[in-house]
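For reference, the structure is listed below as structure tokens.
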Amino acid sequence: MLRFLLPVGIFGLLVVVFFIGLGKDPTLVPSPLVGKPAPEFTLPLLDDSSRTLSRQDLIGKTSLVNIWGTWCGGCRQEHDTLLKLARDSGIPIFGINWKDDPQLAREWLKVLGNPYAAVGVDADGRVAIDWGVYGAPETFLIGPDGTVLYKHIAPMTLGVWREKFLPRIAAAAGAGE
Amino acid sequence: MRALFPAWARVAALLPVLVLMVALIPAPGLAMDPDPALADPAQQQLYERLTSEVRCLVCQNQTIGDSSAPLAADLRHEIRQMIEAGRSEAEIKTFLLDRYGDFVLYRPRFMPATALLWLAPVLLLLIGGFGLRRIIQRRAALPVPTDDEDGPPAAT
């Protein structure tokens with residue numbers, strides 16, 4: 001009986017393991033930055049290169065850091081969601097314009113609307129490497145103390161916002177009081 | 001069952017298949033790197049080793065040495081600069097691991113989460129060895145078939 005049951009059992013186990021594996025998206029790589037301090041950076045602002053956006057600007061308030069570019073289709077897809085969040089959530093969104101043409105980026109914001117509290121220009125992608133960015137759009141949730149609380153890879157949606165971001169924002173606010 | 005063709009004919013028939021299989025082995029990744037080699041041969045060697053071991057997260061089945069993705073170029077550039085600045089292989093790997101996580105290395109570090117991955121070949125070999133031993137022991141206990149017939153002994 002064991003001769004028969006053992007292979008069937010092993011086969012069944014493999015089916016379960018592989019079936020679970022099928023449901024996972026291998027392109028989503030968990031960020032080692034979560035739970036750690038956000039990386040140091042200083043970038044010139046998109047609309048005024050004499051001023052900068054730096055890590056210091058993220059301290060003191062829960063914020064989002066959104067990596068985007070005009071070449072990125074997913075960024076166009078999430079743009080309306082970002083506009084809505086900027087309007088309704090009360091949480092500032094800081095943009096990092098990743099390896100983009102600044103002129104196109106300025107036009108993009110003029111035509112589509114600007115959800116960002118400030119946009120830093122990462123022309124050569126050095127800052128993006130420090131943030132472990134590998135595919136725009138990526139959105140980081142930064143706590144008031146500058147800790148990375150969460151990273152979302154792929155366009156932001158209201159569903160993701162409700163399920164992944166809001167609970168962490170509430171937890172961070174609770175811990176800070 | 002009686003073979004229709006002699007053994008040598010069957011081997012000869014396989015030859016074209018073998019040749020085809022060898023021909024289809026992919027050529028080792030043609031490097032996408034347009035930059036000139038580093039001045040120091042030891043540094044160039046380290047550079048080649050690292051770029052052939054770091055995964056390009058944009059196109060996950062390629063190393064950054066093979067990938068033409070912009071991020072791969074950026075990371076090659078970053079690694080080149082770190083090597084030129086005299087950073088060690090371990091330092092550069094730590095730099096990448098801190099930013100992109102363990103998935104970035106094609107050869108993952110040995111740690112609790114990867115222990116099974118690393119030990120699986122040994123475990124499978126052991127399991128197979130034990131299975132083989134049991135089969136041999138069981139067969140050894142069987143009576144030896146009498147050799148009065150031509151051809152292989154009948155299955156028992």
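Each chain gets a letter, A, B and so on, in the order the sequences are listed, and its residues count up from 1.
A:Leu141 and A:Ile96 fall into different hydrophobic clusters, where Ile, Leu, Val, Met, Phe, Trp and Tyr residues are linked whenever their side-chain heavy atoms come under 4.5 Å apart, directly or through other members. In this structure, B:Ile79 is a member of the same hydrophobic cluster as A:Val127, with clusters built from ILVMFWY side-chain heavy atoms closer than 4.5 Å. No single ILVMFWY cluster, assembled from side-chain heavy atoms under 4.5 Å apart, contains both A:Ile59 and A:Ile142. Hydrophobic clustering keeps A:Leu104 apart from A:Leu109 (ILVMFWY residues linked when any side-chain heavy atoms are closer than 4.5 Å, directly or through intermediates).
Closest approach of B:Gly101 to A:Pro32, counting heavy atoms only: N-CG, 3.2 Å.
Apart from A:Phe11 itself, the hydrophobic cluster it occupies contains A:Val15, where clustering links Ile, Leu, Val, Met, Phe, Trp and Tyr at side-chain heavy-atom distances under 4.5 Å.
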Donor-acceptor pairs between chain B and chain A under 3.5 Å, which ones?
from, atom 1, to, atom 2, distance (Å)
B:Gln60, NE2, A:Pro26, O, 3.2
B:Asp74, OD1, A:Lys99, NZ, 2.7
B:Asp74, OD2, A:Lys99, NZ, 2.6
B:Glu78, OE1, A:Arg126, NE, 2.9
B:Glu78, OE2, A:Arg126, NE, 3.3
B:Glu78, OE2, A:Arg126, NH2, 3.4
B:Gln81, OE1, A:Arg126, NH1, 3.4
B:Arg99, NE, A:Asp130, OD1, 2.8
B:Arg99, NH2, A:Asp130, OD1, 3.0
B:Tyr100, OH, A:Val133, O, 3.2

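Remark: A:Ala117 engages A:Pro92, A:Phe94 in a side chain to side chain contact (heavy atoms under 4.5 Å, CB included) (not counting sequence neighbours). Legend: residues meeting disulfide (SG to SG under 2.5 Å) with B:Cys56, ordered by chain and number and at least two apart, are absent.
Proximity to chain A (any heavy atom under 4.5 Å) is shown, for B:Leu96, by neither the backbone nor the side chain. For B:Leu57, the parts lying near chain A are the backbone and the side chain together; criterion is any non-hydrogen pair under 4.5 Å.
Counting non-hydrogen atoms of other residues, nucleotides and ligands closer than 6.0 Å to CE of B:Met21 gives a total of 12 or fewer.
Counting heavy-atom pairs under 4.5 Å between each of A:Val133, A:Leu33, A:Ile129 and chain B puts A:Ile129 at the top.
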